[in-house]
Amino acid sequence: MLRNRLTNLIRSAVESLIASGMLPSEARVPVEITDTKTRDHGDFACNFALTATKKAGIPPRQIGVMLKQVLESSSGEASSPIATVEIAGPGFLNIHLKPEAVAAYVDTVLDMGNSLANLAAQSFEGQKLPKLNVEFVSVNPNGPITVGSARGAVFGDVLCRVFAAAGYPVDREYYINDGVNSKQMRLFAESVQSYALGLPLPENGYQGDYVKDVAEEVSRLFGRDASRKEPVGWWQERSQELMLERQRQDLATFEVGFDRWFSEQSMHESGLVTDSLEKLKANGSADSECYRTEVVREGKEATLEQKPEECGPLWLRATKFGDDKDRVLLRSDGRPAYIAGDVAYMESKLGQRGYEKAIIILGPDHHGYIPRMNAVCQALGYPQERFEIIIFQIVRFVKDGKPAPMRKRDGNIYELRDLIDEIGANSSPTADKAEQQRIGKDVSRFFYLMRSHETHMDFDIDLATKQNDENPVFYVQYAHARICSVIAKAESAGFVRDDNNPTDAALLTHETELALIMKILDLPIEVARCAKDYGVHRLTTYAIELARTYHHFYDACRVVQPEEPALTLARLNLCHAARTGLRAVFTLLGVSAPERMDRETAS
RNA sequence: GCGGCCGUAGCUCAGUGGAUAGAGCGCUUCCCUCCGGAGGAAGAGGUCGUGGGUUCGAGUCCCACCGGCCGUGCCA
């Protein structure tokens, strides 16, 4: 919007200088509008003169002078938002905007309403955006959603919300590792069975309350005596189903949802696994020749060596596609290796179901996976650009200032649901369960999202559960509650926003008013950037900044003033616009927008 | 060994190759005749791990080193 207009203005100014011969055509470098750090540097800055100086062969300040002339000569026209241009430092153009041009955007924001974030799509205009499949979480159905996997869950969730706002068609998917031959799933089933029937736990069996929960649920649903007679396969099916249900519930509480829960086993049954392996054999990427290829490194030299191997397994020749070693697809006895499912799954996404790009979000223990999966992608004949793995880094849990194991005192795994419940109970002891979960969800989501997914993160459990004032989500939500309160106050004084009765936005001239408008307008730009570089944590920073900008405005400008009805209405509109902006970020972050916040006073 | 990530204020961390490096918490002051004080204003606090390089310009990009965390399977 505002930035686009400025970019276009400067671009055409450059063109006119080139047309009149004052700039050589080589000077046609991209125009970039940047933020300024202080008010002294204007509302926006442009570094064109600095970036173009070399190609133009003209000193930066001289280019600046020419641009200033062109831009200011047209600033008298009503369509130009530019008031003045200054040349500063080595050759920055500091652009000062007309206050009324900024103020006019309040109406734009109000018109957009809930779809404000969708303006991000403007940054991708003219681009064909690929149809995306984003797979994330995908925790094995033999364990709960832990506080560790929760990081990937919120990250993936918000990333998908951002993609959608930016205009990408996107489907979210959860991969269920439910292969019937899985040893781990069998052991899990046996463990559940032991708990349910009071038998001794198998060696290395699964322990913990969640296993007991599943066991009790099986007994409740099917009867202890009836289930006693059932074979392990029956237990496997039931315990897997119930475990998945628990995961689904926890994710729902966390406001993370999926378009599709995709079963690994279904691909074995439908023949897709076999078909995909045949495809690899047919195109020469897989064979059962009697050798094994490995990359051998000596210093910086790397060579491919073929080593003798007993005949039998079906090999994916992954080394052809940059992997370190070839991978077994079918074991010597004909049973598929795990990666066979991955091959079929890739084929399902990029082939069968026609997604133009598949993204997988994985934890830090998976980066050995990247070259392997890239090889799978290429072996199936798909270009590398159509597949991407995003790794989020580890969450380290800290308690009492020391690294803490991911288990609670009673030895149970720290589940996401425990975290949500603890935060909610501590911050609002007397609220009902649903309200506590809402608070726990808001705080934990925000906490996870504050850090970049690609950096390590210390999760201080004491901090998150006890000292809630330190969590900025309350600061941000308070701004929203405050706006609601002001709007209610205005209403009781007889001031109501009315689309049919336009207000005079030009009355908004105070520096904090203009700063607030410009901050709201930044939202679509932030969203577009997130869609490009996946840095969704910046949305939390943005939310805090927007809240702060509102508090500044609130402090400096009184909204409800019966003796100034026109100004009151103009400021009321600004409040609505700010609330629109806050709600838009909240929606992206999956954080609620409470209209009032009542602190429980600790006695 | 190989690979990934990190090192910025006392603590937890932001920071798009741009000008005087920011925020929250903590610390020291101040501000309700006023729409919610979960707020605002001011102050103290920094060799951006070290050393080179790239360029008009580096916390940001490249290389080396130091320090920390993690991963490295014919497992699923």
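Hydrogens, waters and symmetry mates play no part in the numbers below; they use all other heavy atoms, side chains included. Note on naming: letters A, B, ... go to the chains in the order of the sequence lines (proteins, then strands), and numbering restarts at 1 for each one.
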Separation of atom [atom1] in [X] from atom [atom2] in [N], rounded to whole Å:
X        : N      : atom1 : atom2 : value
A/Gln477 : B/rG39 : CD    : P     : 13 Å
A/Asp365 : B/rU72 : CG    : C1'   : 11 Å
A/Met450 : B/rC11 : CE    : P     : 17 Å
A/Phe48  : B/rA19 : CZ    : C1'   : 19 Å

Please work out whether the ring planes of A/Tyr174 and A/Trp261 are parallel, tilted or perpendicular, with thresholds of 30° and 60°. parallel
With under 30° as parallel and over 60° as perpendicular, where do the rings of A/Tyr554 and A/Tyr550 fit, or are they tilted in between? tilted
Polar side-chain contact A/Asn47-B/rG18 base: donor and acceptor under 3.5 Å: yes
Is a donor-acceptor pair below 3.5 Å formed from side chain A/Asn94 to base B/rA19, judging by atom type as modelled? yes
Looking across every strand, which nucleic acid part, if any, lies under 4.0 Å from [X] by heavy atom: base, sugar-phosphate, or nothing?
X        : value
A/Asn181 : nothing
A/Ser452 : sugar-phosphate
A/Ala479 : nothing
A/Ala88  : base
A/Cys484 : nothing
A/Arg548 : sugar-phosphate
A/Tyr475 : sugar-phosphate
A/Ala556 : nothing

Below 4.0 angstrom from OP1 or OP2 of [N], is there any side-chain N or O of [X]?
X        : N      : answer
A/Tyr554 : B/rG37 : yes
A/Thr53  : B/rU55 : no
A/Arg571 : B/rC35 : no
A/Lys54  : B/rC56 : yes
A/Thr541 : B/rA14 : no
A/His551 : B/rA41 : no
A/Tyr369 : B/rG3  : no
A/Lys37  : B/rG18 : no
A/Arg558 : B/rC35 : no
A/His366 : B/rG4  : no

Listed range with range, the stems formed with RNA chain B by at least 3 consecutive Watson-Crick or G-U pairs (under 3.5 Å) are B:1-7 with B:66-72, B:10-13 with B:22-25, B:27-31 with B:39-43, B:49-53 with B:61-65
Could you go through residues 556-569 of chain A and list every donor-acceptor pair under 3.5 Å that involves a side-chain atom there, pairing it with any protein atom two or more places apart or in another chain?
from, atom 1, to, atom 2, distance (Å)
A/Arg558, NE, A/Val560, O, 3.2
A/Gln561, NE2, A/Arg558, O, 3.0
A/Thr568, OG1, A/Val559, O, 3.3
A/Thr568, OG1, A/Gln561, N, 3.1
A/Thr568, OG1, A/Gln561, O, 2.9
A/Thr568, OG1, A/Glu564, O, 2.8

Expressed in whole Å, how much space separates the [atom1] atoms belonging to [N] and [M]?
N      : M      : atom1 : result
B/rG24 : B/rA9  : C1'   : 12 Å
B/rU47 : B/rG37 : P     : 38 Å
B/rA14 : B/rU8  : C1'   : 10 Å
B/rG46 : B/rC62 : C1'   : 26 Å
B/rG68 : B/rC75 : C1'   : 29 Å
B/rG18 : B/rG57 : C1'   : 7 Å
B/rG67 : B/rG73 : C1'   : 30 Å

Base of B/rC30 relative to its sugar, syn (within 90° of 0) or anti? anti
Could you pick out which residue, A/Glu526 or A/Pro364, lies toward the 5' side of RNA chain B when each is mapped onto its nearest nucleotide? A/Glu526
In plain terms, say whether A/Arg538 and A/Asp533 are close enough for a salt bridge, that is, a side-chain N and a carboxylate O under 4.0 Å apart. yes
May I ask you to decide whether A/Asp287 forms a salt bridge with A/Arg317, counting only side-chain N to carboxylate O separations under 4.0 Å? yes
Within 45 degrees of the ring normal and closer than 6.0 Å to the centroid, is that where the cationic atom of A/Lys532 sits relative to A/Phe124? yes
Do the side chain of A/Thr7 and the main chain of A/Arg3 share a donor and acceptor less than 3.5 angstrom apart? yes
Between A/Asn177 and A/Asn140, is there a donor-acceptor pair closer than 3.5 Å when you use the side chain of the first and the backbone of the second? no
Single hit among A/Phe392, A/Tyr448, A/Phe155 for ring-ring contact (aromatic ring centres under 6.0 Å, His included) with A/His453: A/Phe155
Applying the 5.5 Å / 30° rule, does A/His41 stack onto the base of B/rA19? yes
Compare the aromatic ring of A/Phe92 with the six-membered base ring of B/rA19 and state whether they stack according to the 5.5 Å and 30° rule. yes
Could you tabulate the donor-acceptor pairs under 3.5 Å formed by side-chain atoms of residues 42-54 of chain A, not counting sequence neighbours?
from, atom 1, to, atom 2, distance (Å)
A/Asp43, OD1, A/Arg39, NH1, 3.1
A/Asp43, OD2, A/Leu97, N, 2.7
A/Thr51, OG1, A/Asn47, O, 3.4
A/Thr51, OG1, A/Phe48, O, 3.1
A/Thr53, OG1, A/Ile58, O, 2.7

